[in-house]
Amino acid sequence: MDALIDRGEYAALASCTYLNQASLGLIPRTSLEASVRFLAEVAQYGNLRLSDQAEAGVLDGLRTAAAGLLGAPVASVAVVGGASEGLGQLAALLSSAGGEVVLVASDFPSVTYPWLAAQDRLGMRIRWVHDTPDRDLTLSLGDAISERTTVVCVGAVQFATGSQVDVAALAARAQDAGARVVVDVTQLAGAAPVTMAQWGVDALVCSGYKWLSAPAGVALLAVTEDLAAATPVIVGWKGSAAPFDFTPQELSLAAGARRFELSTMSYSAAVGLLSSIKLLTGIGLTAISEHASQLAAELAGQTAPLGWTPYRALSDRSASGHIVSLRHPAAAAGQVQAALAGQHKINTSSRAGGIRISLHAYNSSHDIRALTQALASLSPR
C-alpha cells in the first residue's frame, strides 16, 4: 500500500523509517515553508508588513479551518499556545470544591495534572479509571460516572496504548448524569474525523504539533456556546472584543471562544498549522483513517508469527487504527525500541511496556515490511 502523501514532503523519510508521529510529528515542506516565510517577514520587517489590523485577523483563517476540522462552529474555536494551556483553562473553569472528575489513570499528564492541582487547591475529588486490554475503555469510563460526577476529562485516544474512546457514547452517559465532558483529541485530530457537535461534548482541546503536523507553539480549543460565554479564569489582552483598542480600565471580552486567547503567540506556527490542516483535509480524514487501519492490519498479521501482539485486538471497539502498541512476552520494549533506532534506522516509541507504532498518511506497506524484518532479527528466539 502506497502512502497518501508524497514522501518527498518529509526530509526524514529519505534516511529512516518514521513510525513515531504521536511523539513529535513530521511537518510537511509546504507547511514548514509557510511558517518560515511568515516568520521571516515579521522578523525582517516587523510592523511594516504586519499592521495592528493585520495582526488582529491573522488567526481568522485558522479558526475557520479548525472549525471544519473539529466539527464545531467558528465562534466556538480559539487558537491557544498549547494543549496544556487549553486544558488548564477548562479545568480552572469547571473545577469546584464539591466536584468530581473522572480521569484515565494512564492518560497523558496534560490531561490529568490540572485536575490534580484542583484537588490540592479545592479538594475536588478524582475517580480514576484504568485502561486494561480486557475491558472496553468507554464502558469503564461510563461505569465510573455517578451522581457525584461533575466532569469527565479524557484523551480520545490514549497516547501509550492506542486505546480509543467512543466519545459520543461517553458524552451521552455523562449527559444523563449532568456531567461536563472535556476531550483531548491531540491523538485523533488529523488521523481520523472529529465531530464535536455530533459527539455532544462540552469542549475539545488539540495540540498542533502531533497528528496535525504543525510546528510547536499552537493548539486549538473548542467550547460549547455556554462555555464561550463564561469569563475565563485567566484573561489576556488578545481575548478582548477589540484587542488593539487598548482599554486597560474596561474588560470587554470577545463574544465567542476567542475570549480564551491570551496574548501574542507563535503566529508562524499557526500559519504552518493552517497549511497542514488544508493538506490533511484535502486528502480526507476518513481516507487517512482507513489507510492507517489497513497498515495496522498488515502490521498485526506480519508480526504475529514473531510473537508480537497489539495491546488490544484490532477488532476491539477500544482499539484505534493509527496507534498500535506491540507487546512481546519475552522482549523488553525499551531495548527493542533503542535497537530499532540504532541498528535499523526505524523511529518508534517505547511507552507503557510496548513498542508504539504510529501510522499516518505518509506511511506505506514498505514501512511495515521494514519494521517486521527488523523485529525478526531482534525478537527473542
Report yes or no: do T309 and R327 form a side-chain donor-acceptor pair below 3.5 Å?
no
Test salt bridge (charged side-chain N to carboxylate O under 4.0 Å, His left out) applied to D176 - qualifying residues, sequence neighbours left out
none
Per the side chain to side chain donor-acceptor pair (under 3.5 Å) rule, what does the pair list look like for residues 333-344, sequence neighbours excluded?
H344-S377
Of all residues at least two apart in sequence or in a different chain, which pass the side chain to side chain donor-acceptor pair (under 3.5 Å) check with S35?
none
Residue pair S31 / S276, side-chain donor-acceptor N/O under 3.5 Å
yes
Are the side chain of S349 and the backbone N or O of R351 linked by a donor-acceptor pair below 3.5 Å?
no
Applied to residues 284-301, the side chain to side chain donor-acceptor pair (under 3.5 Å) test, sequence neighbours excluded, yields E298-S365
Pairwise side-chain contact, D202 with L227, heavy-atom cut-off 4.5 Å (strictly under):
yes
Is there a donor-acceptor contact under 3.5 Å linking the side chains of T247 and D245?
no
Using side chain to side chain donor-acceptor pair (under 3.5 Å) as the criterion, list what pairs up with D131, not counting sequence neighbours.
T161, S163, R312
Taking atom types as modelled, is there a side-chain donor on S364 or D2 under 3.5 Å from an acceptor on the other?
no
If you link ILVMFWY side chains whenever their heavy atoms are less than 4.5 Å apart, which other residues fall into the same cluster as F244? By chain and number, please.
W237, F246
